[in-house]
Each structure stands twice: as C-alpha cells, then as structure tokens.
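Order of the sequence lines sets the chain letters (A, B, ...), proteins ahead of strands, with each chain counted from 1. Note that this is a predicted model, so its numbers are computed, not measured.
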There are 2 protein chains.
Amino acid sequence: MDRIDSMRVFTRVVDRSGFAAAAREMGLSRSAVSKAVIQLEDELGAQLLRRSTRKVTPTETGLAFYERCLQILGDVDEAIASVKELQDKPTGKLRVNAPMTFGTQHLGPLVAEFMAEHIDVRVELALNDRFVDPIEEGFDLTIRIAEPQYVTSLITREIVPARRVLCAAPSYLDAASEPESPLALKEHRCLQYGYSGTASHWRLSGPDGEQTFAIDCRMWSNNGETLRAAAVHGQGIALLPTFIVGEDLQNGRLRSVLPDYPPPELSVTALYPRHRHLSAKVRLFLDLMERRFGGRPHWDLVS
Amino acid sequence: MDRIDSMRVFTRVVDRSGFAAAAREMGLSRSAVSKAVIQLEDELGAQLLRRSTRKVTPTETGLAFYERCLQILGDVDEAIASVKELQDKPTGKLRVNAPMTFGTQHLGPLVAEFMAEHIDVRVELALNDRFVDPIEEGFDLTIRIAEPQYVTSLITREIVPARRVLCAAPSYLDAASEPESPLALKEHRCLQYGYSGTASHWRLSGPDGEQTFAIDCRMWSNNGETLRAAAVHGQGIALLPTFIVGEDLQNGRLRSVLPDYPPPELSVTALYPRHRHLSAKVRLFLDLMERRFGGRPHWDLVS
DNA sequence: ACTTTTTGTATCCATATTGTCTACAATCAG
DNA sequence: CTGATTGTAGACAATATGGATACAAAAAGT
C-alpha cells in the first residue's frame with residue numbers, strides 16, 4: 001500500500017485502538033489494514049503497535065511516529081488542497097499572447113470582462129505579430145489567426161472560423177471599374193498583408209475551385225489595421241478578415257468585392273501546451289472566448 | 001509508484017530541470033520518472049511541470065506544490081530518523097517485570113550495570129511473584145522461573161537453566177538423620193515453595209526416573225528468600241534454585257541433600273511480546289543477561 | 001463451563017500495478 | 001545535415017495488491 005495511505009491507516013488504528021474498527025471505518029478488509037501496518041513496521045524496522053486480541057496500543061516508538069504522522073498527513077492534505085485550489089479556482093497569473101489587431105479590436109474587451117468575472121486572476125496580455133514559442137516564453141495561451149489544420153506540438157483549439165473578404169471603399173470602386181472577375185485584380189491597386197517579399201497573388205475559390213490569381217500590390221503591411229485604413233481611404237482592394245472590416249462592411253465604408261470568389265477561410269485558434277490538466281484560469285478564458293466569439297461572431301453579423 | 005517516492009522524484013526533476021538528469025541520479029529509467037510525475041499530476045488533477053524537450057520548469061501550481069513537497073519530505077525523513085533513533089539506540093523507558101527473589105538477588109546488579117552502560121535508558125523494575133500479563137500491563141520484558149517448555153503467546157527465551165537442589169543446614173542434618181532415600185522425606189521437616197494449598201510432594205529424578213515423593217510440609221512461602229532463611233536456621237529441608245542457595249552451599253551454611261535425586265530443572269526465562277522488531281533497549285538487556293548469567297552462572301560455580 | 005463472536009494475522013490467488021525495454025517524435029549540438 | 005538527447009507511449013514480464021478464507025486466541029454472552 002502507498003506509504004501515505006499506510007500512515008493514514010496506522011493513525012486510524014491508533015485512534016480507534018484496533019485494526020477491525022479502523023478497517024470498517026476506512027472501507028478496507030482487516031487483512032489490508034494488518035498488512036499496511038506490518039509493512040510500515042517492516043520498512044521502519046520497528047514495532048509500532050502492541051497487539052493484544054482486544055486492545056491495540058502504540059509502543060513508545062509507535063506513539064512518537066503517530067505524532068509525526070499526524071503532522072505529515074496534515075501537511076499532505078494541505079498541499080493537495082492548495083493544488084486543487086490553484087487548479088479549480090481561477091487564481092494566479094494568466095499569460096496570453098495574441099496578434100496585434102485581433103488583440104486590440106476584440107481581445108481587449110474580452111480580457112476586461114474576464115477580469116471582472118474573476119477578480120483573483122492577474123492577466124498579462126502580450127500583443128505582437130511575430131511568431132513566438134508559447135512554451136519557451138511561458139505563455140498559458142496563444143491566439144493565432146491561422147489555417148485550421150495548422151500543426152504544432154501544442155494543442156490547437158479553433159475558437160471560430162475567421163472569414164476573409166475582398167473589400168474596397170465605394171469611392172475607389174466608383175472611380176475604378178469594379179472587377180467582374182478575379183483576373184481583373186492585377187489591374188487593381190491591391191493592399192497585401194505581409195512583407196514586400198510576400199507573393200503577389202491571392203488564392204480565391206470560384207466556380208472552378210480554388211485558384212491563384214495575380215494581383216498588383218501597392219502596399220504591404222504586417223498589420224491588418226493599417227491595410228483597413230488604406231482601403232477605407234479608397235487606396236485599393238484589401239483581403240482582410242471580417243473581424244477587422246466587419247463593421248465597415250455593415251455601415252458601408254467598405255464594400256465586398258468579388259463575393260463569389262471568397263478566399264480560403266482561416267481560424268481564430270487558441271494554442272496551449274499539450275497538458276492533460278488545463279488550469280481553471282485557462283479553461284475559463286477559453287470558455288469565455290467561445291461564448292463571445294463562437295457561433296456567429298458579432299463582427300460577422302452581415303453574412 | 002509510492003506517492004512519497006513520487007514526490008521525491010518530482011522535487012528532483014524540478015531541482016535538476018529535467019527528467020533524464022533526475023532519473024540518472026536516482027537510478028531509475030526515464031520512463032519511471034516520467035510515469036511517476038504523470039501519476040502525481042493525474043492524482044492532483046493539475047499540471048505540475050511545463051515540458052519542452054530541453055528544459056523542464058514547474059508551472060505556477062507545480063512550484064507551489066514543490067515547496068510543500070520539500071517540507072513534507074523533510075518531515076518524513078525526520079520521522080523515519082526519529083524511529084530509527086528510538087529503535088537502534090537504547091533510549092526511552094525499559095519496563096521489566098521479574099520474580100521477587102531473583103530480582104533482588106541478581107537482577108538488581110545487572111540493571112545497575114545496564115544503566116551505567118546506557119545512560120539514556122530509564123528502567124522501571126517491577127518485582128512480584130504473582131503472574132502478570134506482560135502485554136496487558138505493558139512490560140517490555142518479563143523474567144520468569146519456569147518449566148523450559150512453558151507455552152504462551154509471548155516469545156520465550158531461555159537465558160540459563162535454573163538448577164534446583166534439596167538442601168538443609170548442617171545443624172539440621174546432624175540433628176535429624178540425613179535422609180538416604182527420598183522416601184524418608186515425609187519424616188523430615190520440609191520447607192515448601194507456594195501456598196498451603198500447594199501439593200505436599202516433590203518430584204525428583206532417581207535411578208528409576210522421575211517420581212513423586214510425599215513430604216512433610218512444615219512451612220509454605222511464595223518467597224524463596226524466606227525459605228532459604230528457614231533452611232539456614234536449621235528448620236528443615238528446602239527445594240530451592242541454586243541462584244538462591246548457591247552461595248550458602250559454597251560456604252557450607254547449607255548442604256545438598258539427596259544429590260542423586262535432583263528435582264527437574266527449571267529455566268530462567270525472558271518473555272517478551274511476539275514482535276518482529278525488537279527494540280534496542282530490550283535486545284541489549286537480553287544480551288547483557290545472557291552474558292552475565294548464560295553458560296555457567298556465577299551462582300552455580302560448585303557443580 | 002459452554003458456545004458464540006470478535007480479534008489480528010497467515011495463506012492463497014486472481015487482478016492490478018510496476019518498472020524496464022523499445023520505439024518515436026521533437027529538439028539541440030556540432 | 002548528422003548524431004545525440006530529450007520526454008513519452010506502448011508492450012511485456014515481474015511484482016505487488018487486497019479480498020476471501022482459515023485459524024488461534026481471547027472476550028462476551030448464556
């Protein structure tokens with residue numbers, strides 16, 4: 001038997017002055033209780049109990065050990081309780097890493113709500129668009145906008161699809177002729193996410209399946225917010241997720257372009273270490289994200 | 001794995017920041033270490049360690065648990081050490097029960113010697129001639145003068161044979177005619193151990209084997225010392241162990257009677273609880289008894 | 001003075017549990 | 001790029017476990 005359990009059994013035997021009573025109370029057979037104490041005695045190399053058929057009393061050694069056991073078992077219970085507390089109640093620090101734009105636009109309010117709900121959690125929100133190793137840097141949670149099937153050693157949980165649209169300002173579309181086919185894109189001013197090294201084409205799904213279409217890049221940015229600003233100001237056509245341009249589409253600052261040729265869908269994905277046991281703070285944050293963003297997210301109200 | 005051992009493994013993994021290093025130091029396979037920690041995590045329902053292939057760091061929960069583990073393991077080690085101390089070094093109280101005469105005559109000096117050797121042992125010596133239940137009354141050691149094959153639930157250890165002799169003072173033997181045969185005993189004043197209810201005969205071994213011979217009891221006593229005194233003062237023939245009358249026989253105050261008809265031998269026997277683990281104080285006391293009394297005891301120098 | 005009940009333990013035995021070995025993916029050193 | 005090292009999963013044999021049973025000792029009931 002586990003030595004900690006043996007100690008529990010032993011103290012119970014001492015408390016009840018008998019093996020049988022201890023066995024009954026602990027839901028064990030008398031054999032098991034007897035064996036546990038004998039094993040404990042053998043390991044210690046000392047007699048702990050003086051047995052007569054009707055009464056069991058600790059020896060001098062046994063009594064000394066009994067006192068120590070109480071102390072130790074108390075500490076063990078306390079340690080377990082403290083772990084369970086940390087595990088089951090949202091406490092401690094939650095370190096979240098997320099991309100800049102999604103973070104400022106949508107995660108900010110959510111973090112505020114989360115903190116209001118769980119006042120014992122301190123949150124550290126790190127926003128950046130470079131790739132980080134969440135384990136190496138000790139993040140509990142990393143939010144990425146990525147292909148759904150993105151593989152990694154981390155657990156990936158798709159919170160919600162990130163629909164993307166081609167869009168431009170009405171002023172731009174009025175001035176230039178609105179493209180009727182994706183082939184026309186290379187005649188348009190296109191606003192590309194990424195660096196100047198990024199390929200100058202977009203993948204779009206048309207009636208003939210997914211195809212790659214050349215574009216004329218007039219601007220590159222690794223930040224969606226700046227691309228949106230350029231688009232709103234009539235500087236061209238951008239391919240942006242609806243969580244950035246959803247509101248613009250609703251109030252007409254931007255208009256969807258080539259709606260029959262949607263780009264492949266991405267996913268708002270949460271990454272966290274491959275853990276068997278998710279701590280409460282992480283679990284609750286994920287739950288809140290799914291409640292707020294899942295299903296039909298608020299930025300996607302116009303289908 | 002035993003949870004205490006698991007905790008040891010876990011703390012070592014934290015100390016060394018790695019499973020492999022911990023495994024090497026503890027003489028375990030990496031698998032065993034990994035499984036131990038995983039089991040601990042499963043039982044606690046919490047992640048304790050954040051693993052990346054090259055570095056292992058405790059989680060928030062893990063660090064808290066680590067601190068508790070150090071405390072608990074320290075206490076466990078201390079408890080084990082204290083038991084071993086009590087077990088291996090002669091400490092504490094030694095409770096000895098013994099018959100009155102043997103106690104006063106022979107155990108007294110021995111106890112003194114024992115105490116001088118082991119100054120940390122307190123000795124409680126209870127001398128009485130009634131039968132006591134050593135377990136019920138909590139004696140560590142009970143000395144009895146008994147038939148060698150005396151059965152009991154206790155462990156019996158024969159320290160040394162207790163030879164007995166028929167003896168009387170020369171003055172008595174000169175006055176009355178010295179008996180030539182045990183049959184003559186019923187014409188003699190006999191000093192009997194026991195109470196008036198005790199049978200009035202002695203068992204003696206002659207050429208024809210062990211036989212019972214009637215005696216004429218003139219005195220009963222449950223205390224050998226008083227019988228000896230009566231014999232020395234010429235009041236008759238007593239059947240007494242040599243550890244009482246040995247010296248008297250050597251210096252002629254008493255003379256052996258019917259030496260060819262010796263009574264059955266008894267044994268100086270130590271009784272102690274049926275323990276797998278004998279504590280140091282008991283073991284050492286038994287050893288000292290065997291050293292001092294064993295072989296040819298000093299009271300039996302004249303064969 | 002009996003029977004009955006209760007005690008602690010030894011033994012048997014099916015069932016779990018254990019730890020090692022091996023294999024593997026991930027990662028780092030050179 | 002190669003080779004070494006990491007933590008873990010799975011297979012497997014060895015071991016341990018705990019319940020049922022039996023039993024002697026002792027108390028309680030009759």
Check: In terms of side-chain heavy atoms of A/V56, which of C/dG8, C/dT7, D/dG10 is nearest?
Finding: C/dG8

Check: To the nearest Å, how far apart are A/K35 NZ and C/dC13 P?
Finding: 13 Å

Checklist line | Steps toward ring-ring contact (aromatic ring centres under 6.0 Å, His included) verdict (A/F293, A/F102) | finding: CA-CA 12 Å; A/F293 300 153; A/F102 186 78; 5.5 Å; yes

Item checked: Phosphate OP1/OP2 of C/dG8 contacted by A/R16 side-chain N/O (<4.0 Å) -> no

Check: Is it the case that A/R203 and A/T212 place a side-chain donor and acceptor less than 3.5 Å from each other?
Finding: yes

Check: For C/dT9, does OP1 or OP2 lie under 4.0 Å from any side-chain N or O of A/R30?
Finding: no

Item checked: Short N-O contact, B/K281 and A/E60, less than 4.0 angstrom -> yes

Next item on the list: Indicate, yes or no, whether a donor-acceptor pair under 3.5 Å links the base of C/dC21 to the side chain of B/S29.
Entry: no

Next item on the list: List for me each residue that meets side chain to side chain contact (heavy atoms under 4.5 Å, CB included) alongside B/F139, sequence neighbours excluded, and say none if there are none.
Entry: B/R95, B/N97, B/A126, B/V132, B/P134, B/E137, B/T142

Next item on the list: Please report, rounded to the nearest Å, how far the P atom of C/dT18 is from the CG atom of B/D5.
Entry: 11 Å

Margin query: Can you identify which nucleotide, out of D/dG7, D/dG19, C/dG19, has its nearest atom closest to the B/A32 side chain?
Written below: C/dG19

Item checked: CE-CD1 distance between B/M289 and B/I143, expressed to the nearest 0.5 angstrom -> 3.5 Å

Margin query: How many whole angstroms separate atom CG of B/L28 from atom P of C/dT20?
Written below: 6 Å

Next item on the list: Return the value, rounded to whole Å, for the distance between atom NZ of A/K55 and atom C1' of C/dT7.
Entry: 14 Å

Check: B/S31 side chain: which of D/dG19, C/dT20, C/dT7 is closest?
Finding: C/dT20

Checklist line | Nucleotide D/dA16, atom P - distance to CD1 of A/I38 in whole Å | finding: 16 Å

Next item on the list: Using atom CD of A/E41 as one end and atom P of C/dG8 as the other, report the distance to the nearest whole Å.
Entry: 13 Å

Notebook entry, point to check: In Å and rounded to the nearest 0.5 Å, what is the CZ to CD distance from A/R144 to A/E158?
Noted result: 15.5 Å

Next item on the list: With axes from five pairs an end, tell me the bend angle of the helix from C/dA1-D/dT30 to C/dG30-D/dC1, nearest 10°.
Entry: 40°

Notebook entry, point to check: Relative to the 5' end of DNA chain D, which residue comes earlier, B/V37 or A/Q39, by the nucleotide with the nearest heavy atom?
Noted result: B/V37

Margin query: Heavy-atom nearest nucleotide on DNA chain D for B/V33 versus A/D2: which residue maps closer to 5'?
Written below: B/V33

Margin query: Looking at C/dT7, I'd like to know if its phosphate oxygens (OP1 or OP2) sit under 4.0 Å from a side-chain N or O belonging to A/R51.
Written below: no

Note to self: What is the distance, to the nearest angstrom, from the CG atom on B/L40 to the P atom on C/dT18?
What the structure shows: 12 Å

Item checked: Closest listed nucleotide, where the reference is the side chain of B/S34 and the choices are D/dT8, C/dG8, D/dG19 -> D/dT8

Notebook entry, point to check: Looking at the side chain of B/F19, which of C/dC12, D/dG10, D/dG7 is the nearest nucleotide?
Noted result: D/dG7

Item checked: Whole angstrom value for the distance that separates P of D/dA16 from CZ of B/R3 -> 19 Å

Next item on the list: Sequence neighbours left out, what pairs pass side chain to side chain donor-acceptor pair (under 3.5 Å) with at least one residue falling in residues 69-86 of chain B?
Entry: A/R68-B/E78, B/R8-B/D77, B/Q71-B/D75

Note to self: Counting only side-chain nitrogens and oxygens, does A/R24 get under 4.0 Å of the OP1 or OP2 atom of C/dT7?
What the structure shows: yes

Notebook entry, point to check: Do B/Y193 and B/N223 have a side chain donor and acceptor closer than 3.5 Å?
Noted result: no

